[in-house]
Chemist: 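There's a structure below that I have some questions on.
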Amino acid sequence: MSNNESQNPDPVIAATKPCLTSLEEGKRYFWCTCGRSKMQPFCDGSHAGTKFRPLKFVAEKTEDVLLCACKHTRSAPFCDGAHNNLQDTYEEASAEEIAAMSDAKLIERDASNGGKAMLDGGAYVLSPDPVRDEHKGTLSWQTLIGAKDGAKHLSLLRLSTAPGTSPWMRYENSDTVMFVVSGTGSVDIEGKSFTVGPETGVFVQAGEAFCIHADEPITIMATICPQSEKPSWPDGPNGAFNAAFAERRVGVDHDKAEVMADRFFQILVDEQVGSKEITQFIGEVPLSRAAFHRHLYEEAIVILSGEGMMWTEQCRAPVKPGDIIFLSRRQGHSLECTDARGLRLMGAFYPSGSPAINY
Ligand code: FES
């Protein structure tokens with residue numbers, strides 16, 4: 001082992017955030033593994049004399065990606081969120097950032113705009129009002145995020161079912177990812193019954209019919225992707241259940257929680273249960289204000305407990321349990337928890353991936 005190697009056994013942390021990079025399909029790249037390059041995230045030859053070698057890869061398609069700059073990813077060259085765990089606490093807003101955003105305008109809910117508090121870039125906070133519900137049998141529903149709200153990829157509907165059985169529904173070309181906010185009962189997918197309760201996630205594949213049996217009033221947040229707000233109403237199941245994904249229900253399991261510094265999240269619905277488009281997770285935020293950041297995905301967030309403030313570039317709006325937040329792709333934001341008991345939330349986003357990946 002050379003002197004350099006024994007002195008430099010670990011890669012240098014070039015940055016604690018990934019690099020947003022535009023890749024060209026078929027083009028060859030050399031990702032820096034040593035962290036010494038001045039051309040992050042790519043190699044400039046600075047690894048000379050160390051044990052490190054650049055990682056060569058060819059872009060599969062032309063797209064914007066997040067390449068790791070902390071050099072601790074397990075999915076090289078892509079960021080996998082490992083940068084969040086390089087410190088004991090999740091990256092919080094600095095004193096400079098807080099001072100720079102101190103003039104952010106407090107936005108009130110606007111009754112003439114469906115009760116939304118419109119933030120920057122089309123992001124908004126909404127406190128759903130049952131007055132806007134539509135009704136069919138025991139089912140009441142309301143679109144909280146959709147095409148008319150500026151979303152491009154997903155819709156979020158609130159489904160409320162009185163005790164009994166809801167009408168059958170089907171989205172012919174869209175997956176449905178449900179999250180039970182409150183109540184108990186079961187979700188029937190093409191004749192297969194899945195018992196559900198608070199904080200259960202359920203996946204329904206495009207083309208499958210489903211209905212809700214409510215033992216008591218149930219409130220479900222349903223994310224639909226590709227976005228669609230109008231289901232068809234079949235008379236019953238048509239036997240289209242995809243048995244390749246037999247278990248469609250996922251509950252909270254602390255053993256499956258992933259630690260992100262002083263926060264944690266648990267993926268509920270993802271490709272493991274058949275969802276290729278949407279990832280659904282549940283997370284907890286301690287009393288803190290996250291540093292301003294962005295994601296490459298479009299996201300719907302539901303506040304389950306705790307209070308806080310949603311910040312975008314020039315605006316802010318308070319959030320409380322039951323509120324929903326819409327964020328378009330790349331929208332800069334910061335969620336502050338102002339509640340000593342912490343803030344609990346459900347997030348669902350497209351394209352699927354890890355909620356820990358931010359830039
Ligand atoms: S920058 Fe390294 S894992 Fe995100």
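Whatever order the structure lists ligands and atoms in, that order sets their numbers, starting from 1.
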Chemist: Under 4.5 Å between any side-chain heavy atoms of Leu296 and Tyr359, yes or no?
Modeler: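 They are in side-chain contact.
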Chemist: Return yes if some donor-acceptor pair links the side-chain N/O of Glu190 with the main-chain N/O of Ala209 below 3.5 Å, else return no.
Modeler: yes
Chemist: Can you classify the ring geometry of Trp141 versus Trp233 as parallel (below 30°), tilted (30 to 60°) or perpendicular (above 60°)?
Modeler: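 Because their plane-to-plane angle lies in the 30° to 60° range, the rings of Trp141 and Trp233 count as tilted.
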Chemist: How many N, O or S atoms of the protein are nearer than 2.8 Å to atom 2 (Fe) of ligand 1?
Modeler: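 Total protein N/O/S atoms under 2.8 Å from atom 2 (Fe) of ligand 1: 2.
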Chemist: List for me each residue that meets side chain to side chain donor-acceptor pair (under 3.5 Å) alongside Glu92, sequence neighbours excluded, and say none if there are none.
Modeler: none
Chemist: Looking at Arg344, Met346, Gln266, which hits side-chain contact (heavy atoms from CB on, under 4.5 Å) with Glu199?
Modeler: Arg344
Chemist: Using a strict 4.0 Å cut-off to heavy atoms of Lys17, name the atoms of ligand 1 that fall inside it.
Modeler: 1 (S)
Chemist: Angle between ring planes, His295 versus Tyr297, binned at 30° and 60°: parallel, tilted or perpendicular?
Modeler: parallel
